[in-house]
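I have placed the structure first, in the form of structure tokens, so that the comments after it can refer back to it.
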Amino acid sequence: MQQSIINNTKAQGFPQRLRAVLFDMDGVLYNSMPYHAIAWNKAMAQFGYDLPEEEVYMHEGRTGTSTVNLVSLREHGTEVSEERVAEIYKVKSDLFNQFPPAEPMPGALSLLRQLKEQGLMILIVTGSGQCSLLDKLNCDYPGIFRRELMVTAFDVKYGKPNPEPYLMGMQKGGLQPHECIVVENAPLGVHAAKAAGIFTIAVNTGPLPDKALLDEGADLLFPSMQALSDAWGELSVALDKQTKDI
Ligand code: MG
């Protein structure tokens with residue numbers, strides 16, 4: 001495993017001058033996806049739609065509107081009004097908020113601290129629209145995140161799998177694709193990041209097969225944030241060496 005990371009870096013276009021790491025949030029920084037899956041399943045059922053919990057993981061990263069319309073088109077052959085989407089999304093959010101606060105993902109803080117120590121810029125690119133996001137992040141990950149380096153549901157028009165959120169993240173940081181790495185757990189998130197031209201590390205923290213992430217173009221895959229955090233030292237060495245070789 002260790003050797004393969006180094007061997008793969010050149011072949012897969014590892015970033016040439018790493019300046020920043022862009023993090024997705026749900027399923028990467030927080031173990032929140034099981035709650036989202038249940039909330040989506042129950043909310044949609046209340047409105048007469050069938051959205052199995054496991055399917056929620058396949059749509060992770062989409063805007064609420066996109067998710068509702070995708071299911072409605074499939075089941076009823078038509079999209080739904082904005083008002084109806086808002087109604088469904090409110091039920092979903094209320095159900096989600098009934099759960100206890102999602103726990104930080106094991107390994108995330110230790111990875112973030114390593115990146116911070118290395119002087120790397122740390123950004124968040126999430127489809128989440130929770131108003132209290134920054135407060136929660138600052139509480140669980142003190143001193144790591146800045147509002148001006150976050151892309152949330154309030155910033156984007158299309159959302160993942162469109163590259164828009166990651167392009168916006170790079171814009172906010174004044175970054176080029178070859179200066180970045182993305183950390184994602186969702187197939188559509190990996191798709192968005194690769195479409196933005198960024199080297200993408202997938203962490204498979206959910207129930208989907210690894211193939212779902214690799215098929216979207218993930219450059220490296222780890223079974224957990226802890227595994228990525230543990231491997232980061234070695235990845236950094238590979239990076240430094242590569243930079244000096246140019
Ligand atoms: Mg995610």
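Everything numeric in this text was worked out from a predicted model, so none of it was measured. Note that ligands are numbered from 1 as they come in the structure, with each ligand's atoms numbered from 1 the same way.
- Note that CG of D24 is 12.5 Å distant from OH of Y30, once rounded to the nearest 0.5 Å.
- A distance of 13.0 Å separates CE in M150 from CD1 in I122, rounded to the nearest 0.5 Å.
- D24 contributes OD2 as its N, O or S atom closest to the Mg ion (ligand 1).
- Looking at E60 and the Mg ion (ligand 1) together, the shortest N, O or S contact belongs to OE2.
- The atom of D26 that is an N, O or S and sits closest to the Mg ion (ligand 1) is O.
- Between Y35 and F99, the two ring planes are parallel [angle under 30°; tilted spans 30° to 60°].
- T126 lies apart from the Mg ion (ligand 1) in this respect, since none of its N, O or S atoms is found at a distance under 2.8 Å.
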Report the C-alpha separation of I201 and F222 in whole Å, then their side-chain angles, then the decisive distance to 0.1 Å, and conclude whether the side chain to side chain contact (heavy atoms under 4.5 Å, CB included) test is met. CA-CA 8 Å; I201 298 175; F222 290 86; 3.6 Å; yes
